[in-house]
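One structure below.
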Protein chains: 2
Amino acid sequence: MDESRRNILRALGSQVKRHRTKLGLSQEELGFRSNLDRTYISGVERGVRNPSFTALVSLASGLGLTLSELLDNLEVEARNIK
Amino acid sequence: MDESRRNILRALGSQVKRHRTKLGLSQEELGFRSNLDRTYISGVERGVRNPSFTALVSLASGLGLTLSELLDNLEVEARNIK
DNA sequence: ATGTGACTTATAGTCCGTG
DNA sequence: ACACGGACTATAAGTCACA
């Protein structure tokens, strides 16, 4: 059962999206800031991509966050997703 | 210049190793707990692997940590590595 | 108990587009 | 501005034998 895999990926995606929209950034703008393709950002936010550690670093940096800030509360969120 | 890539991967590796040894675990034992091959753990600790988000989740879980705990202070460490 | 090289299969990540 | 897909190349996953 790697339903749990999708759940945690979705939790990550919603965190990214939450932080991005809070900053008023488009996916394109975040892509630019983090040096990642816009379609890739889209995939991460939808939980269909499993970013590498370095991609996470880029994302956090594009959002002006530390990694632990970006990933904080993640397991909680993952648990709340059915 | 992706010297910085290797630096952050090494910083991650040293975090993993630090937490692992603090628990008195061998790489083999951590591998068992996190469902990852022992040689894979070795690669992560040496900074020659760039684990995916889900692999990081497995690692953190094997260490009994949350992701943000595992990744806390990472950027600081990365900066301290030349 | 760990480091390392080599290897195959899976997927990360990009680039092109469509609605 | 975003979801989603196809096709592609680069690299991660995952494992092994051996030092």
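Computation of the quantities below employed the complete heavy-atom set of this structure, encompassing side-chain atoms and omitting hydrogens, waters and symmetry-equivalent molecules. All values reported here derive from a predicted model rather than from experimental measurement. A, B, ... follow the sequence lines: proteins, then strands. Residue 1 opens every chain.
- An OP1 or OP2 oxygen of dA3(D) is reached within less than 4.0 angstrom by a side-chain nitrogen or oxygen of Ser42(A).
- Residue Arg38(B) places a side-chain atom within donor-acceptor reach of the base of dG3(C), judged by atom type and a 3.5 Å distance cut-off alone.
- Straight-line distance from the CD1 atom of Ile41(A) to the P atom of dC4(D): 16 Å, rounded to whole Å.
- Between Ser42(B) and Gln27(B), the closest heavy-atom pair is CB-OE1, 3.5 Å.
- The main-chain N or O of Val16(A) is never found under 3.5 Å from a side-chain atom of Arg20(A) such that the two would form a donor-acceptor pair.
- Atom CG of Leu71(B) sits about 6.0 Å away from atom CG of Leu56(B), to the nearest 0.5 Å.
- The shortest distance between side-chain heavy atoms of Pro51(A) and Leu36(A) does not fall below 4.5 Å.
- The stretch residues 25-36 of chain A comes close to DNA chain C through Asn35(A), Leu36(A), each having a heavy atom under 4.0 Å from the strand.
- Distance alone, capped at 3.5 Å, places no donor-acceptor pair between the Glu28(A) side chain and the Arg38(A) backbone.
- Looking only at side-chain heavy atoms (C-beta outward), Leu9(A) and Asn50(A) come within less than 4.5 Å of each other.
- Annotation for Gly62(B) and Ser34(B): closest pair CA-CB, 4.0 Å, computed over non-hydrogen atoms.
- Overall, the helix from dT2(C)-dA19(D) to dG19(C)-dC2(D) carries an axis bend of 40° between its ends, with five pairs at each end and the value rounded to 10°.
- Atom CD of Glu45(B) is separated from atom C1' of dT2(C) by 9 Å (rounded to the nearest Å).
- Using modelled atom types and a 3.5 Å distance limit, the side chains of Ser68(B) and Asp72(A) yield a donor-acceptor pair.
- Taking 3.5 Å as the limit, the base of dT15(D) and the side chain of Arg49(B) contain a donor-acceptor pair of atoms between them.
- If you measure from atom CG of Asp37(A) to atom P of dC16(C), you get 9 Å, rounded to the nearest angstrom.
- Taking only side-chain atoms of Asn50(B), from C-beta outward, the nucleotide of dA12(D), dT4(C), dC15(C) with the closest atom is dA12(D).
- A donor and an acceptor atom sit less than 3.5 Å apart, one in the side chain of Thr39(B) and one in the base of dC16(D).
- Within residues 52-66 of chain B, the residues approached by DNA chain D to less than 4.0 Å at the level of any non-hydrogen atom are Ser52(B), Ala55(B), in residue-number order.
- Note on Leu23(B): it clusters hydrophobically with Val44(B), by side-chain heavy-atom contacts below 4.5 Å among ILVMFWY residues.
- For the atom pair Glu45(B) CD and Leu59(B) CG, the distance stands at 9.0 Å (nearest 0.5 Å).
- Closest approach of Arg5(B) and Ile8(B) over heavy atoms only: O-CG2, 3.1 Å.
- The OH atom of Tyr40(B) sits 21 Å away from the P atom of dA17(D) (whole-angstrom rounding).
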